[in-house]
Peer 1: 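Pasting a structure here, questions to come.
On a predicted model such as this, the values are computed, not experimentally measured, just so you know. Per chain, numbering begins at 1; letters A, B, ... match sequence-line order.
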Protein chains: 2
Amino acid sequence: MRLVTTAEQVSEPISSWDPYTRGCPSRDLLDQIGSKWAVLVLGELGRHGPCRFTQLRRQLAGVSEKMLTQTLRTLERDGLLRRTVYPEVPIRVEYELTPLGQTLRGPLKALTEWSVQHIEDVLEAREEYDERAGRR
Amino acid sequence: MRLVTTAEQVSEPISSWDPYTRGCPSRDLLDQIGSKWAVLVLGELGRHGPCRFTQLRRQLAGVSEKMLTQTLRTLERDGLLRRTVYPEVPIRVEYELTPLGQTLRGPLKALTEWSVQHIEDVLEAREEYDERAGRR
DNA sequence: CCGTATCCCGAGGGATACTG
DNA sequence: CAGTATCCCTCGGGATACGG
C-alpha cells in the first residue's frame, strides 16, 4: 500500500490509479494483461491447471519461443503466475496461476468468450464497411 | 450466422472460432479489443455516452491524434461504434457505441477495474522480483 | 527439455505540418 | 473542429542457432 507521508501520518493511499491518466501504471498493466499472448497463457493455465513450457507452446498454436518466454517472464514478475523448476533429468518446469492470477480468470474468460461469440457479427460488419468504402 | 452448406442443409455453424487456433480471426479480434486505446475509447463511450473527437482526445490523456483516429476507424469498421457527422460550421462529429459495442461494456469494465484494484499488488510483486533478481 | 542469444525486418506509433 | 499526410525512429516479434 503506497501512502502519502504527511506530518500526522493519517494519510490516504494515492488511489488515483486511473488508467485514463497519462503515464499511470495501471494503464500499462491494462495493456499488458490485455495483450494477445498474455490472455491466452493465463486462459490456458486457468482451465487446464499447471502446465509445462512445451505444453503451452503447443496449446498457443503459433507462438514463438521468444514471445512465450517473454510473456511468461513478465507475468511471473507481475505476480500472476509462479514458475517452478524440478531439477530432474531432463529438467522440468511448471507454470501455474498464483492466487492473484486466479482473480483474473473471470474477466479474461469473459473477454475471450465475447470474442468467440461475436466474431461473426464483427466479420459481417467489416464486409459491410469495406463494401460501402469501395463504392465511394 | 455462417452455415455449412450440405445436401440436406441441416448443417451446423462452423464454430471452431477458437482463439487458441493459429490464424483464427477471433484471436486477432481479442488482441484488438484488448489493446490499450481500444479499451479506453470503448470505456469512455460506455460511461459517458456520445463523444466528440477532441473530447476523447482530452479524456485519453496522452493519445496521439494518429492513434486515436486509427483506433476509432478500426472500431467503427468492426461495428462496435458509430460515427456521425453533423455538417455544421464548424463541423461536429460524434462517436457512440452500437448495440454490439454495448455488449462489450461489461467485460471491459471488469478488466479495467481489475487493473485499478490490483495495480498495487502487481507493483509490489515487481519490486520483490527485481530485488531477488538483483541478489543473483 | 527449457530455455538464452542474435540477427533482422516491418509494423507501431510519436511529432509535426497541412486541409476541408 | 476533425481530421489526413509525412517523416522517422523505436521495438515488437519472427527465424535461427546455440547452451545448461
Side-chain angles (χ1 to χ4, degrees), chain A residues 19 21-24 27-41 44-45 50-78 81-96 129 133 136, chain B residues 19 22-24 27-41 44-45 48 50-78 81-96 129 133 136:
Chain A
T21 305
R22 181 176 188 145
C24 181
R27 178 182 283 188
D28 296 328
L29 177 59
L30 187 54
D31 198 29
Q32 165 59 23
I33 62 178
S35 73
K36 184 170 51 180
W37 300 127
V39 170
L40 295 179
V41 164
E44 182 61 17
L45 292 181
C51 284
R52 304 181 58 177
F53 186 86
T54 312
Q55 216 169 346
L56 285 171
R57 184 144 165 56
R58 261 195 309 271
Q59 294 305 316
L60 281 61
V63 68
S64 67
E65 291 193 348
K66 181 180 170 184
M67 286 314 298
L68 182 53
T69 302
Q70 199 173 103
T71 303
L72 288 170
R73 284 294 167 282
T74 304
L75 293 175
E76 185 194 2
R77 177 168 182 262
D78 285 356
L81 58 79
R82 181 179 5 264
R83 178 175 182 271
T84 313
V85 182
Y86 299 91
E88 306 169 353
V89 178
I91 201 173
R92 184 165 58 95
V93 178
E94 280 198 347
Y95 298 90
E96 61 182 330
Y129 182 95
R136 270 178 289 140
Chain B
R22 181 175 187 146
C24 181
R27 178 183 282 188
D28 296 329
L29 177 59
L30 186 55
D31 198 29
Q32 165 59 23
I33 61 177
S35 73
K36 184 169 52 181
W37 300 127
V39 170
L40 295 179
V41 164
E44 183 62 18
L45 292 180
H48 180 281
C51 285
R52 305 181 58 175
F53 186 85
T54 310
Q55 217 169 345
L56 284 171
R57 185 144 164 56
R58 262 195 308 271
Q59 294 304 315
L60 281 60
V63 68
S64 67
E65 291 193 348
K66 181 181 170 182
M67 285 315 298
L68 183 53
T69 302
Q70 200 173 102
T71 303
L72 288 169
R73 283 295 167 281
T74 305
L75 293 175
E76 185 193 3
R77 178 169 181 260
D78 286 356
L81 58 79
R82 179 176 9 261
R83 177 175 181 272
T84 313
V85 181
Y86 299 91
E88 308 169 352
V89 179
I91 200 174
R92 185 163 59 96
V93 179
E94 279 198 347
Y95 297 91
E96 62 183 327
Y129 182 95
R136 270 179 287 141

Peer 1: side-chain contact (heavy atoms from CB on, under 4.5 Å), that's the test. Do A/Val93 and A/Phe53 meet it? Break it down for me.
Peer 2: CA-CA 7 Å; A/Val93 178; A/Phe53 186 86; 5.6 Å; no
Peer 1: According to a strict under-4.0 Å criterion, is A/Arg52 in side-chain N/O contact with OP1 or OP2 of C/dC1?
Peer 2: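 A/Arg52 to C/dC1 OP1/OP2: no side-chain N or O under 4.0 Å.
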Peer 1: Using a 4.5 Å cut-off on heavy atoms from C-beta on, say whether the side chain of A/Thr21 contacts that of A/Arg27.
Peer 2: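 A/Arg27 does not reach A/Thr21 side chain to side chain.
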Peer 1: Should A/Tyr86 and A/Arg52 count as side-chain neighbours, where that means a heavy-atom distance under 4.5 Å?
Peer 2: no
Peer 1: Quick one: side chain to side chain donor-acceptor pair (under 3.5 Å) pairs with a partner in residues 28-41 of chain A, sequence neighbours left out?
Peer 2: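 Passing the test, one end in residues 28-41 of chain A: no pairs.
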Peer 1: What does nucleotides 3-20 of chain D look like as a protein-contact string, B for base, S for sugar-phosphate only, - for none, at under 4.0 angstrom between heavy atoms?
Peer 2: BB--------BBB-----
Peer 1: Kindly determine whether B/Leu40 and A/Leu30 satisfy side-chain contact (heavy atoms from CB on, under 4.5 Å), including the steps that lead there.
Peer 2: CA-CA 10 Å; B/Leu40 295 179; A/Leu30 187 54; 4.3 Å; yes
